[in-house]
Protein chains: 2
Amino acid sequence: MTPYSCKSREELEQEHEALLRAFDEQKQLGLHLNMARGKPSSEQLDLVSGILTAVTTPEECMDGSLDCRNYGELAGIPSARAYWADVLGCKPEQTFIGGPSSLTLMSDVITRAYTHGLLHSERPWCKEEQVKFLCPSPGYDRHFRITEFMGAELIPIPMTYDGPDMDLVEKYVQDKSVKGIWCVPKYSNPDGIVYSDETIRRFANLNPTAPDFVIMWDNAYGLHEFDGDYRPFPDILSLCAQAGHPDMVMEFASTSKITFAGAGFSVLAASEANIAYFTKLMGVQMISYDKINQLRHVRFLKDKTHTLEIMKLHAAILRPKFHVVFDTLNREVAPCGFARWVEPKGGYFVSFFTMPGTAKRALKLCAEAGVTMTGAGAAFPYGVDPEDSNIRIAPSYPTVAELQKAMDIFCTCIKLAAVEKLLRN
Amino acid sequence: MTPYSCKSREELEQEHEALLRAFDEQKQLGLHLNMARGKPSSEQLDLVSGILTAVTTPEECMDGSLDCRNYGELAGIPSARAYWADVLGCKPEQTFIGGPSSLTLMSDVITRAYTHGLLHSERPWCKEEQVKFLCPSPGYDRHFRITEFMGAELIPIPMTYDGPDMDLVEKYVQDKSVKGIWCVPKYSNPDGIVYSDETIRRFANLNPTAPDFVIMWDNAYGLHEFDGDYRPFPDILSLCAQAGHPDMVMEFASTSKITFAGAGFSVLAASEANIAYFTKLMGVQMISYDKINQLRHVRFLKDKTHTLEIMKLHAAILRPKFHVVFDTLNREVAPCGFARWVEPKGGYFVSFFTMPGTAKRALKLCAEAGVTMTGAGAAFPYGVDPEDSNIRIAPSYPTVAELQKAMDIFCTCIKLAAVEKLLRN
């Protein structure tokens, strides 16, 4: 097929008509498919039903001599802290166990930075004249929203295939009002990029001017390969400590895409000094998170090795879905020559860059045909993609058959929006 | 027995010697008993083991058509909202379902008041020159700490047998910098006082100058009678609405003393406008609380009627413990004529007022003999009891036999500290 850029106006008009016909047919299907969020499918949730019966008697509620049915243990039960230390490669004393949502832990860190300051803050961030936060983009909309909500100015940092543009990050951290950066270091949301060793090394060796600069290291997909073997990943806490900045990083993870989405448990991992400081602040707002649910998870997931076995089962369900996305895009869109994407081996998303200026229009067409996607621009600070090009595809929730239909429609809409633009020029 | 105030110096010296002997004997017992916190006993926790198997299969994870294993439903699952509406006597739309800790919901409300303002705030509280909060005292230390932590000035309000001194409350709310008041309206912590209908009526009819004045109505012990029948209690949301201030109150409750302490679920109940505003704010920091645990609770507790049946079982365990406290105080301390307390029919505490200036000393003596109590002064703003008189007794956790030993020691220490003071005069 001729790339769109090489087509004559007449050829484009023919293509437009063909696409309109296809689109009308697809609309007739009356589909209602949602690919807006990285939700696990029911089939995945069924894999981990054992967790529902992991703790069923009072005797099973004991974690050693600790009765998990009663008050106490603000930072989490010993076995839960040991579990996450094993998974992340840090020490149990470097963990604080959260509830179902690691996002809530992140929000607590940023909120307390504003109201009280972090460990090395000169003052609460609300008393600073200006707070800026670095946002590698495209990135995770909910990250950006937390810092926006708390009044920070969001600075977009372009993503490269090795992670955020570190030249720019190193330049920005010289500005004292730059207080932190959001990172999803392994299978980044949405690009699926794994930060290179060199990127990670440069992160650990940052020399920010702000004494309370914080790397918000959301290790959301640390065990989430769907293609190939588990890929070990450096422990950022050790690297920052070795570089002389033990308190510069806060790492987060959860079981939302390991057990149940929104009924799992989460962790903040950081230096012991950070954990002590954060635990003191958290003691004002709670007694502890749900310790029985912590115990359920530890009993069911056991340790990193066993968790990785469960992740293989998730991978077997996710892999064919991602390949539907890759195959359909390669067949339907690649020959047209106007779009690009990466094909990750883990995580929950495919980040698709269509012809600039056409992403919003394409998603509007998708919606007309019954396919809901993440809003265009969502992956950028303030929800604004300056190129109007990036679209996040979340293939996990639909069945393979539904996904194939949705991707067929998606490709039609992408091409239709592109042709419309070319014909306007 | 002659009251201490009528004893001669010689009689006091004899009493002192006798008490010292008793104290030395009690120290020899080498006890380690903790009555610092209102923790349910293991026997109580064993009552509700059924909750551990209330949801065991994927099919049971459905709340109607909603799969509680996946993301969604920020304000809680429909059946959980209906459950709390039944318990509190409000509408499901007036509820937001929380995690294990209602304290966390309260902290979220106050934190967001500071960072963003409440529904009717003219500005975030952090931008106000001064924020004052009314603290009926003695009261719950963790309440006071939340507002202290967020920078409010704490104003103590004396408690009467009908609830807070409403003359004073009505006077204070004319001050625009007074932004709210903490209340435990039924079996107040620690006094065990039930607010009278007149007090509640006056609360609903407050006319504060601050447009965003908030009554923090912590209905922690709404179903928690241990003596006699359930005592119905007015719905503060309706009363405030009738008085033309539907948005002036935020009500809280949890199952911490119904099912498991720290692994239950909680609720914020408020006007629909307040719930809509709060839900929008909470959407930044979370996707939802643990919906499977919400479902477990609804399946196990069923409704208000069935929950009250479970509360009868708790009452049967708690009642003898409270009577050990009442009986021992009546026998050992009442005749000495220097102390006072009320004998509540519900809640988790007995509030004991000893001879002014001796509470700290008495608790130091208790600690020497192996009995840990809530710190003296804890129930007052900033942890300072101006009279050094109030002590909170929490009889729920020890066994009856342990409690009897602890109370014997407590009475010795109370009297010893009082005699010491009289001899110093």
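A note on names: the letters A, B, ... follow the listed sequences, proteins ahead of strands, and every chain is numbered from 1.
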Chain A contact via B:T57 - side chain, backbone, both or neither, heavy atoms under 4.5 Å: backbone

Nearest atoms (heavy-atom pairs only) where A:Y71 meets B:G262: CE2-N, 4.1 Å

Non-hydrogen side-chain atoms of A:I287 and B:S256 separated by less than 4.5 Å: no

Under 4.5 Å from a heavy atom of chain A, the part of B:R296 involved: side chain

Test item: side-chain donor near acceptor, A:T111 and B:R112, under 3.5 Å: yes

Best-contacting candidate, A:R145, A:H116, A:M282, against chain B by heavy atom pairs under 4.5 angstrom: A:H116

Value rounded to 0.5 Å, distance of CD in B:E59 from OG in A:S49: 8.0 Å

Per-residue contact mode, B:N70 against chain A (heavy atom under 4.5 angstrom): both

A:I51, part contacting chain B, at a heavy-atom distance under 4.5 Å: neither

Side chains of A:N293 and B:P100 in contact at under 4.5 Å (non-hydrogen atoms): no

Between B:L103, B:I146, B:V284, the one whose heavy-atom pairs under 4.5 Å with chain A are most numerous: B:V284

Selection from A:C126, A:S101, A:S41, A:P40 maximising heavy-atom pairs under 4.5 Å formed with chain B: A:P40

Heavy atoms from other residues, nucleotides or ligands near CD of A:E43 exceed 12 (cutoff 6.0 Å): no

Under 4.5 Å from a heavy atom of chain B, the part of A:D46 involved: both

Non-hydrogen side-chain atoms of B:F149 and A:Q285 separated by less than 4.5 Å: no

Interatomic distance, A:I110 atom CD1 to B:T115 atom OG1 [nearest 0.5 angstrom]: 13.0 Å

Stepwise side chain to side chain contact (heavy atoms under 4.5 Å, CB included) test for A:M286 and B:R142: CA-CA 9 Å; A:M286 53 180 278; B:R142 290 184 184 272; over 6 Å; no

Distance, nearest 0.5 Å, that separates OH of B:Y289 from CG of A:D290: 12.0 Å

Heavy atoms of other groups near B:F300 CZ, more than 12 under 6.0 Å: yes

When A:L105, A:T56, A:L45 are compared by non-hydrogen pairs under 4.5 Å with chain B, the top option: A:L45

